[in-house]
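Before any comments, here is the structure.
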Amino acid sequence: MTQSKSSNIVWHEGTVGRKHRELLNQHRGFTIWFTGLSGSGKSTLSVALEERLYQMGCRTYRLDGDNVRTGLNRDLAFSPEDRIENIRRIGEVAKLFRDAGLINLTAFISPYRQDRDMARNLSQRADNDFLEVFVDAPLDVCEQRDPKGLYKKARAGSIPNFTGISAPYEAPEYPEIHIRTDETSIEQGVDQIVAYLIEHGYIEAGLADTARAT
Ligand SMILES: Nc1ncnc2c1ncn2[C@@H]1O[C@H](COP(=O)(O)OS(=O)(=O)O)[C@@H](OP(=O)(O)O)[C@H]1O
Ligand SMILES: Nc1ncnc2c1ncn2[C@@H]1O[C@H](COP(=O)(O)OP(=O)(O)O)[C@@H](O)[C@H]1O
């Protein structure tokens, strides 16, 4: 992990902490980290899940590769070094959102296992506040979907270092949740995640009933 360049830094603790914020929000703060190839369904699933969680009364914030790369990370491209820095910064931002007591959804290719583990290990609560969701579809399916026409360009050689074509993707070995988006609908994918969250005590089952009633 990159060390801080500054010295003489002393952490300043406030009187309102994560526990207080979680109490106010009536749920825990945690990160749902979507990873997968371009076109696998990260953005689609994270948007649909956020909508469901919102209906359940949860406080959420979603970070998406394309969006963050126009602001915070606009100085970064797609070399291995830039992707590492991209994920390092997102990992830190996700940590802040957890500390804010929010359910934070991130949708980045995040192709390197080591970087995803780094993001996970930034906070180490006993109750595991970082869930990796492997959004999985075979490359040929992603390429057929090609929602932004990027695979076509990558095959034509006009996008270098394109994940799955000319840059690597390291699939998660032990993701908390594994979704095959070529075998399930968007709705089923969201149901699968919500069921996991309830079963493992991240959110209360009663919230799902509230959502159904509205
Ligand atoms: N070379 C290359 N490889 C992969 N993707 C590319 C590339 N160039 C541009 N794009 C577009 O950028 C989106 C991926 O950004 P990420 O920040 O998620 O990438 S990474 O995690 O740093 O690997 C990705 O978005 P998604 O399709 O939503 O994954 C693409 O729209
Ligand atoms: N089960 C599914 N889950 C998610 N997306 C799906 C699914 N089935 C088909 N799709 C489609 O696949 C495409 C995925 O695109 P996108 O969400 O932008 O992927 P990514 O963010 O991983 O690049 C969308 O057009 C979406 O409608």
Side-chain angles (χ1 to χ4, degrees), residues 2 31-53 61-94 97 104-120 122 130 132-172 175 177-196:
T2 338
T31 296
I32 304 176
W33 186 283
F34 293 86
T35 172
L37 292 171
S38 178
S40 60
K42 303 179 299 295
S43 299
T44 304
L45 273 178
S46 61
V47 167
L49 176 62
E50 184 176 43
E51 173 74 38
R52 180 81 71 84
L53 292 171
Y61 197 81
R62 193 174 52 81
L63 296 161
D64 191 281
D66 285 305
N67 302 356
V68 172
R69 280 176 174 277
T70 63
L72 175 67
N73 289 352
R74 67 173 169 219
D75 56 326
L76 302 175
F78 291 92
S79 66
E81 299 72 31
D82 280 7
R83 289 185 201 244
I84 290 168
E85 177 60 12
N86 185 38
I87 299 308
R88 188 192 70 77
R89 291 184 198 171
I90 300 308
E92 292 286 353
V93 173
F97 279 116
N104 170 223
L105 303 90
T106 66
F108 297 84
I109 295 177
S110 42
Y112 301 122
R113 219 169 272 144
Q114 194 177 344
D115 299 336
R116 296 191 300 263
D117 288 346
M118 179 276 301
R120 177 191 289 276
L122 282 176
F130 184 102
E132 196 173 1
V133 180
F134 180 21
V135 185
D136 186 12
L139 179 63
D140 63 300
V141 172
C142 296
E143 204 165 344
Q144 265 168 26
R145 289 176 180 164
D146 207 5
K148 301 171 199 157
L150 298 180
Y151 281 99
K152 201 161 171 233
K153 286 188 188 165
R155 287 286 184 200
S158 59
I159 307 183
N161 299 324
F162 196 81
T163 307
I165 306 289
S166 46
Y169 177 75
E170 299 170 2
I177 303 170
H178 184 169
I179 298 179
R180 282 290 301 252
T181 63
D182 56 323
E183 294 173 353
T184 52
S185 67
I186 298 165
E187 191 71 7
Q188 285 169 329
V190 172
D191 286 346
Q192 189 182 331
I193 301 171
V194 170
Y196 182 98

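As the structure is a prediction and not an experimental result, all values here were calculated from the model. Just so you know, ligand 1 is whichever comes first in the structure, and atom 1 is the first atom listed for that ligand.
For Glu170, there are no salt bridge (charged side-chain N to carboxylate O under 4.0 Å, His left out) partners, not counting sequence neighbours.
The shortest heavy-atom distance from Pro160 to ligand 1 is under 4.0 Å. By the 4.0 Å heavy-atom criterion, Ala167 is excluded from the residues contacting ligand 1.
The protein atom (non-hydrogen) at minimum distance from atom 30 (C) of ligand 1 is Leu150 CD1, 3.4 Å. Among protein heavy atoms, the minimum distance from atom 1 (N) of ligand 1 is reached at Asn161 O, 2.9 Å. Here the protein heavy atom with the shortest distance to atom 27 (O) of ligand 1 is Ser38 OG, 2.6 Å. From the protein, the heavy atom lying nearest to atom 10 (N) of ligand 1 is Phe78 CZ, 3.4 Å. The closest protein non-hydrogen atom to atom 21 (O) of ligand 1 is Ser110 N, 2.8 Å. Here the protein heavy atom with the shortest distance to atom 20 (S) of ligand 1 is Asn86 ND2, 3.7 Å. Among all protein heavy atoms, the one lying closest to atom 15 (O) of ligand 1 is Arg69 NE, 3.3 Å. Counting only heavy atoms of the protein, atom 29 (O) of ligand 1 lies nearest to Lys42 NZ, 2.9 Å.
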Is there a salt bridge (charged side-chain N to carboxylate O under 4.0 Å, His left out) between Glu92 and Arg89? Walk through the geometry before answering. CA-CA 5 Å; Glu92 292 286 353; Arg89 291 184 198 171; over 6 Å; no

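Ligand 1 has no N or O atom lying under 3.5 Å from any N or O atom of Asp64, backbone or side chain.
Looking at Leu49 and Phe34, their side chains come closer than 4.5 Å, going by heavy atoms from C-beta outward. Annotation: side chain of Ile32 is not in contact with side chain of Ile177 (no heavy-atom distance under 4.5 Å). Using a 4.5 Å heavy-atom cutoff, the side chains of Ile87 and Arg83 are not in contact.
With a 6.0 Å cutoff to the six-membered ring centre and a 45° limit on the axis angle, Arg69 does not count as a cation-pi contact of Phe108.
Asp64 CG to Ser43 OG: the interatomic distance, rounded to the nearest 0.5 Å, is 3.5 Å.
Proximity of Phe162 to ligand 1, defined as any heavy-atom pair under 4.0 Å, is shared by backbone and side chain alike. Neither the backbone nor the side chain of Ala154 comes within 4.0 Å of ligand 1, counting heavy atoms alone. Contact annotation for Leu37 and ligand 1: no heavy atom of the residue comes within less than 4.0 Å of the ligand. Within the 4.0 Å heavy-atom criterion, the part of Ile87 lying near ligand 1 is the side chain and not the backbone.
Legend: ring pair (Phe, Tyr, Trp, His ring centres under 6.0 Å) pairs involving residues 137-168, not counting sequence neighbours, sorted by first then second residue: Tyr151-Phe162. Applying the side-chain hydrogen bond (donor to acceptor under 3.5 Å, both in side chains) rule to pairs touching residues 152-161 yields Glu143-Arg155, sequence neighbours excluded.
If you check each of Thr163, Val135, Ile109 against atom 14 (C) of ligand 1, the one with the closest non-hydrogen atom is Ile109. Nearest to atom 11 (C) of ligand 1 by heavy atom, out of Asn73, Asp146, Asp66, Leu63, is Asp66. With distances taken over non-hydrogen atoms, the option nearest atom 26 (P) of ligand 1 out of Arg116, Lys148, Glu85, Arg83 is Lys148.
With Glu132 as the partner, the side-chain hydrogen bond (donor to acceptor under 3.5 Å, both in side chains) test is satisfied by one option alone out of His178, Arg113, Arg116: Arg116.
Formation of a donor-acceptor pair under 3.5 Å by the Thr181 side chain with backbone atoms of Ser40 is found in this model. Remark: the backbone N or O of Thr106 is not paired with any side-chain donor or acceptor of Lys42 at under 3.5 angstrom.
Protein residues are said to neighbour a ligand when one of their heavy atoms lies under 4.0 Å from it; for ligand 2 these are Leu37, Ser38, Gly39, Ser40, Gly41, Lys42, Ser43, Thr44, Arg145, Pro147, Thr181, Thr184, Ser185, Ile186.
Here the closest non-hydrogen pair linking Pro172 and Thr35 is CG-CG2, 3.8 Å. The nearest pair of heavy atoms linking Ala119 to Gly91 is CB-CA, 4.0 Å.
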